[in-house]
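Owing to the predicted nature of the structure, the values given are computational and were not obtained by experimental measurement. A note on names: the letters A, B, ... follow the listed sequences, proteins ahead of strands, and every chain is numbered from 1.
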Amino acid sequence: MLSKRIIPCLDIAHGRVVKGVQFVDIVDAGDPVEAAIKYDEQGADELTFLDIRASHENRDTLYHMVTDVAENVFMPLTVGGGVKALADIENLLHAGADKVSINTAAIVNPQLVRDAAERFGSSTIVVAVDAKRVGEQRWECFTHGGRKPTGIDAVDWARRMSDYGAGEILLTSMDADGTRNGYDLALTRTVAEHITANVIASGGVGTLEHLAEGLSEGKADAVLAASIFHFGEFTIGEAKAYLAERGIPVRIR
Amino acid sequence: MIGLIDYGMGNMHSIAKALEHAGGDVQWVKTPRQLQQVERIVLPGVGAFRDCIHTLHERGLAQALIDKVHDGAPFLGICLGMQVLMDVSHEFGEHQGLGLIPGQVKPFPASHPERGYKIPHMGWNDVILPADGEPHPVLAPLRERQVYYVHSYYCAPQQEAHLLAACSYGDHRFAAAIGRDNIVAVQFHPEKSQRAGLAMLNAFIEWNPL
């Protein structure tokens with residue numbers, strides 16, 4: 001049976017892992033390769049790296065980091081942050097990423113997603129959708145870390161990106177993000193039931209129960225979490241044991 | 001020496017590194033001449049069937065691979081590198097494969113997101129080995145373990161004897177691994193399957209088909 005995936009997310013700045021709450025008080029949290037090896041040993045199903053300080057000048061640093069990680073852990077790697085063009089995607093894939101996450105650039109230029117899926121295959125393209133609740137069962141896409149509204153309905157947008165060939169939607173609730181009160185389950189479920197792409201739930205995890213909710217009630221294919229794993233509250237193994245006890249299919253090695 | 005067939009598509013560093021971690025010496029193979037110098041062959045695969053088979057023919061590697069396999073070199077095909085072994089694929093039209101294993105490459109049935117059945121089949125899933133008899137030596141380390149799959153098409157071998165392991169997704173059972181004689185090929189990605197994958201690659205490196 002296909003397992004639900006548990007994906008730790010690591011924020012990266014200048015090729016180093018950083019930790020921070022809501023992007024403030026960011027502190028250096030060490031070497032990405034060491035962090036990747038730690039999660040590998042715990043049995044993470046994939047890893048996601050997001051370059052939160054992506055800029056033109058530090059691209060090479062990011063590529064080197066991706067190569068270092070890819071040479072040391074043997075699991076799927078997703079890399080995002082500052083991806084604007086086909087060349088950025090190609091460079092990341094060549095560096096060793098298996099999937100590339102596109103965020104703002106997809107909103108600015110939706111054709112990029114279609115071109116990228118055609119050229120590199122759907123399974124390599126992840127579109128990050130940052131959604132904010134604007135009414136009963138209505139959500140809108142936001143960019144720039146949730147500060148800039150776009151007027152685009154988030155569910156329609158996720159479906160369009162799926163139709164354009166994105167293999168996965170990394171769906172973050174901007175309302176839930178950072179609250180540790182759990183995923184926006186209505187948002188997650190609505191998107192998961194309406195698109196053919198895989199849905200990765202993100203934003204708001206504070207407990208293991210939240211992971212279970214995202215996968216069962218939210219019907220997500222995978223759950224992404226950062227802080228509950230980074231700060232050592234829970235290991236991936238503990239999370240999987242909890243989910244397995246609740247009858248959710250996970251990979252236990 | 002393991003010849004890793006490089007036909008210019010996608011990143012092959014991770015598979016080279018995985019083979020090295022598993023104890024192999026890797027030689028990149030881009031020409032038929034380079035292929036002559038290796039003992040074992042790994043054919044990885046990303047991208048579209050048509051482009052892959054086209055490039056293999058263009059570089060003279062298609063016939064060289066067939067000859068090398070006939071000479072008895074242990075061969076491992078991965079993902080698309082498994083699919084190109086078949087006679088024919090129905091991905092974006094109809095395309096002839098290498099014809100080393102009789103059968104076809106078919107698409108999964110259309111997705112049903114409301115039931116959680118999505119295409120591509122992506123994630124960790126089983127390797128179901130035959131209930132009776134010894135498993136294939138290369139696949140033996142995968143008993144009771146899951147591996148990482150990413151694909152929208154699957155191999156349907158004509159002969160039951162060529163099916164080495166299965167996997168099921170939705171209501172659908174498909175070939176996780178196929179092979180005969182000195183050929184073994186897998187739909188999943190051992191190079192992305194952590195310890196289970198490395199154990200399988202090691203088993204391939206140690207494998208001595210008669």
Side-chain angles (χ1 to χ4, degrees), chain A residues 1-7 39-41 43-46 66-77 90-99 118-124 126 159 162 165 167-168 189 191-200 215 219-222 249-253, chain B residues 9-22 45-49 51 79-80 91-92 108 110-126 128 144-152 167-170 172 189-201:
Chain A
M1 191 178 199
L2 183 66
S3 290
K4 299 285 189 178
R5 289 171 282 152
I6 313 298
I7 310 174
Y39 285 129
D40 180 55
E41 284 166 355
D45 296 312
E46 296 189 25
V66 171
T67 301
D68 271 355
V69 172
E71 288 182 350
N72 284 283
V73 295
F74 300 98
M75 68 170 127
L77 303 176
E90 188 163 19
N91 287 335
L92 285 169
L93 294 175
H94 269 276
D98 299 289
K99 312 180 200 182
E118 235 165 66
R119 177 133 158 221
F120 306 109
S122 283
S123 57
T124 58
V126 181
R159 188 189 296 122
S162 173
E168 289 178 293
R189 186 172 60 245
V191 174
E193 285 184 340
H194 285 90
I195 69 170
T196 186
N198 276 249
V199 172
I200 305 165
L215 295 166
K219 298 197 170 177
D221 301 288
V250 287
R251 179 181 61 116
I252 310 270
R253 298 164 312 149
Chain B
M9 285 166 73
N11 168 62
M12 300 211 177
H13 283 284
S14 63
I15 185 148
K17 283 285 161 189
L19 284 164
E20 283 168 9
H21 263 250
V46 282
F49 188 99
D51 300 343
C79 196
L80 189 60
E91 183 187 336
F92 302 121
F108 276 118
S111 67
H112 283 282
E114 72 288 355
R115 284 196 261 132
Y117 168 75
K118 306 194 172 187
I119 306 298
H121 170 228
M122 181 190 288
W124 296 81
N125 207 333
D126 306 312
I128 305 163
E144 304 291 312
R145 289 166 112 170
Q146 290 200 314
V147 291
Y148 189 78
Y149 292 85
V150 182
H151 61 125
S152 306
C167 176
S168 63
Y169 181 49
H172 209 70
H189 289 272
E191 78 281 14
K192 293 289 158 192
S193 298
Q194 295 178 332
R195 267 173 258 180
L198 294 178
M200 192 210 98
L201 291 176

Checklist entry - Among B:S193, B:P120, B:A18, who wins on heavy-atom pairs under 4.5 Å with chain A? => result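 Top count of heavy-atom pairs under 4.5 Å with chain A: B:A18.
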Show the nearest heavy-atom pair for residues [X] and [Y], with the distance to one decimal.
X	Y	result
B:H21	A:E71	NE2-O, 3.8 Å
B:Y169	A:L2	CE1-CD2, 3.5 Å
A:A70	B:S14	O-CB, 4.3 Å
A:G96	B:K192	O-NZ, 4.5 Å
B:E191	A:F74	O-CB, 3.3 Å
A:A192	B:K118	O-NZ, 3.0 Å

Is [X] close to chain B through its backbone or its side chain, or both, or neither, when contacts mean heavy atoms under 4.5 Å?
X	result
A:E168	side chain
A:A222	neither
A:A44	backbone

Just how far is it from atom [atom1] of [X] to atom [atom2] of [Y], taken to the nearest 0.5 Å?
X	Y	atom1	atom2	answer
B:M122	A:R5	CE	CZ	6.0 Å
B:Q146	A:R251	CD	CZ	7.5 Å
B:M12	A:H94	CE	NE2	9.5 Å
A:T196	B:H112	OG1	NE2	10.0 Å
B:D126	A:S3	CG	OG	7.0 Å
B:K17	A:T67	NZ	OG1	10.5 Å

Checking heavy atoms, do the side chain of [X], its backbone, both or neither come under 4.5 Å from chain A?
X	value
B:H151	neither
B:I128	neither
B:R115	neither
B:H121	side chain

Checklist entry - Do you know which of A:D221, A:V73, A:N72 has the most heavy-atom pairs under 4.5 Å to chain B? => result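 That would be A:D221.
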Next on the checklist: Tell me which of these, A:D45, A:V250, A:D40, has more heavy-atom pairs under 4.5 Å with chain B than the rest.
Outcome noted: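 When all of A:D45, A:V250, A:D40 are compared, A:D45 has the most.
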Item to check | B:E144, CD: over 12 other non-hydrogen atoms inside 6.0 angstrom | outcome: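 Not buried by this count: 12 neighbours or fewer within 6.0 Å.
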Next on the checklist: Just to verify, what does B:H172 make a side-chain hydrogen bond (donor to acceptor under 3.5 Å, both in side chains) with, not counting sequence neighbours?
Outcome noted: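 side-chain hydrogen bond (donor to acceptor under 3.5 Å, both in side chains) check on B:H172 returns B:Y154.
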